[in-house]
Protein chains: 2
Amino acid sequence: MANGLKLKASDLSKQASSADVIYDALRDAIIRGEIEGGEALRQDTIAQMFRVSRIPVREAMQRLEAQGLVVSERHKGAVVASLSADQITEIFQFRALIEPIVIEMAVPLMTEETLAEAQRQCDAFAAETDPMRWGDLNRAFHRALYKDSDKPYFLSVVDKTNDLVERYVRLVLYFVQGMRHAVAEHQAILDACKARNAKLAGELTRKHIETAGETLVAYLRNQKR
Amino acid sequence: MANGLKLKASDLSKQASSADVIYDALRDAIIRGEIEGGEALRQDTIAQMFRVSRIPVREAMQRLEAQGLVVSERHKGAVVASLSADQITEIFQFRALIEPIVIEMAVPLMTEETLAEAQRQCDAFAAETDPMRWGDLNRAFHRALYKDSDKPYFLSVVDKTNDLVERYVRLVLYFVQGMRHAVAEHQAILDACKARNAKLAGELTRKHIETAGETLVAYLRNQKR
DNA sequence: GTTTGCATAATTGTATCCAATCTACAATAT
DNA sequence: ATATTGTAGATTGGATACAATTATGCAAAC
């Protein structure tokens with residue numbers, strides 16, 4: 001897991017179809033903000049990019065739509081979903097409720113390896129100079145803290161929820177908080193985990209998410225004017 | 001909403017494609033338990049049932065798989081997902097966390113109309129003699145209590161989560177509790193809503209879900225032997 | 001200048017056809 | 001008898017082709 005191989009879990013469990021590859025690629029591009037909200041996703045264009053027909057593209061789109069990352073209308077096409085400030089507020093409220101619970105369940109089960117891995121992620125995040133990578137490292141840190149919870153359904157919901165707002169989270173890291181703030185909060189959460197203080201880790205996680213959400217929404221509402 | 005028309009929201013907002021129709025039909029059949037866990041879903045068979053080619057069938061399947069209702073393997077086909085006792089336990093734990101929060105948010109916003117509608121659903125559930133309809137009415141009652149929360153993302157997560165365990169919930173209503181128990185709990189929750197006691201409504205909802213989950217898992221573990 | 005109508009181009013939805021892979025069972029060797 | 005190989009049928013993954021619908025550009029009328 002810590003070596004240089006860039007294998008995804010799905011690559012190991014079962015051979016990936018074209019639809020899988022396209023789904024992953026589009027999902028990543030949307031999450032990273034490389035495709036903006038409202039931008040059209042033409043089946044033919046995407047098919048040509050991947051040198052395939054439109055069939056697997058459509059299958060990938062169905063999944064993206066089921067997940068809420070794109071919205072499509074019959075004979076009009078699909079566009080990347082864009083979230084209103086209200087929707088973002090609600091999703092951060094959701095995150096602030098569920099993620100503390102997940103980390104609380106994880107803390108008693110966290111291995112020393114996991115704590116070391118999280119510390120590495122935290123340091124890597126603090127040391128990273130390329131802003132394009134901050135989002136990935138931020139996400140990896142949080143995921144590391146949650147994964148020992150042994151609650152696959154909770155984790156899948158957390159992942160899908162984060163996918164929806166990941167683009168916007170990156171705005172906070174880029175422009176708003178400068179990310180120095182995030183690093184300090186990360187270290188505090190991690191320290192609470194190391195001290196096996198589940199309640200505190202949960203509480204700090206809740207604050208971390210609430211702060212990010214409020215900062216982000218304030219930023220977006222300013223941008224709008 | 002209370003009339004005899006059986007229109008779904010999607011039918012009104014946009015014209016349904018074959019894939020939409022097939023998705024809805026398969027989803028309902030799985031949720032209702034008409035197709036059992038582990039049962040194979042052959043593309044060709046389903047396509048013939050709907051008098052279409054396999055293309056829209058596959059698109060429907062992609063959505064079902066994204067939602068976790070079916071699992072598929074390349075060149076092997078798709079089967080209806082079946083949940084282990086552990087998975088069911090986790091999902092009920094999730095429900096017991098999120099649904100009380102949703103009802104707490106809904107109570108202050110509940111209209112008199114909604115309360116009346118919920119009372120009708122509750123009475124209809126109590127009066128229904130056809131066991132095949134208990135699941136639908138149970139679900140409709142809960143949905144009525146949640147809908148005024150004005151939290152579409154929370155509601156979508158609640159819905160998708162309930163879809164996963166709906167088949168199993170019906171077992172509780174059929175065999176285990178006889179459903180008399182469920183009716184009493186429903187009325188208690190509704191009374192708390194009428195009294196605008198959000199905390200109590202949430203607490204009763206949590207207990208309601210926890211009881212159902214424990215009863216169900218105990219039943220399943222007995223069945224296994 | 002704006003609007004309306006229509007022809008044309010783009011785009012999506014689906015059917016049909018072919019390739020790749022798996023499953024089951026029979027034939028053969030050990 | 002067991003293990004292995006080979007082959008036929010079933011099943012899925014994907015490409016191509018066509019139909020249905022929507023967007024676009026342009027000319028004519030107001």
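Note on naming: letters A, B, ... go to the chains in the order of the sequence lines (proteins, then strands), and numbering restarts at 1 for each one. Source: prediction; values computed, not measured. Computed over heavy atoms, backbone and side chain alike; hydrogens, waters and symmetry mates excluded.
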For D:dG14, does the base pair up with any side-chain atom of B:Arg58 as donor and acceptor (N or O, under 3.5 Å, distance only)?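 Present.
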Task: Salt bridge flag under 4.0 Å for residues B:Arg139 and B:Asp163 - done: yes
So, B:Lys151 and A:Asp86, do they make that salt bridge, N to O below 4.0 Å?
no
Length of the [atom1]-[atom2] vector between [X] and [N], whole Å:
X: B:Gln48; N: D:dT12; atom1: CD; atom2: C1'; result: 15 Å
X: B:Met61; N: D:dT11; atom1: CE; atom2: C1'; result: 11 Å
X: A:Glu59; N: D:dA15; atom1: CD; atom2: P; result: 10 Å
X: A:Asp44; N: D:dA23; atom1: CG; atom2: P; result: 17 Å
X: A:Glu65; N: C:dT12; atom1: CD; atom2: C1'; result: 13 Å
X: A:Arg74; N: D:dA23; atom1: CZ; atom2: C1'; result: 17 Å

Inset, instruction - Assign A:Arg42 to base, sugar-phosphate, or nothing according to its heavy-atom contacts below 4.0 angstrom with the strands shown. - result: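 It contacts sugar-phosphate atoms only.
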By nearest-heavy-atom nucleotide on DNA chain C, the more 5' of A:Ile55 and A:His75 is A:His75
Heavy-atom nearest nucleotide on DNA chain C taken for A:Ala78 and for B:Arg54; more 5' hit belongs to A:Ala78
Working note: B:Glu99 + B:Thr205, criterion side chain to side chain donor-acceptor pair (under 3.5 Å); need CA distance, chi angles, decisive distance, verdict.
CA-CA 7 Å; B:Glu99 293 189 32; B:Thr205 299; over 6 Å; no
Contact check, side chains of A:Leu173 and A:Pro131, non-hydrogen atoms, under 4.5 Å | no
Give a yes/no answer on whether the side chain of [X] brings an N or O atom under 4.0 Å of OP1 or OP2 in [N].
X: A:Gln43; N: C:dA10; value: no
X: B:Ser18; N: C:dT14; value: yes
X: B:Lys76; N: D:dT11; value: no

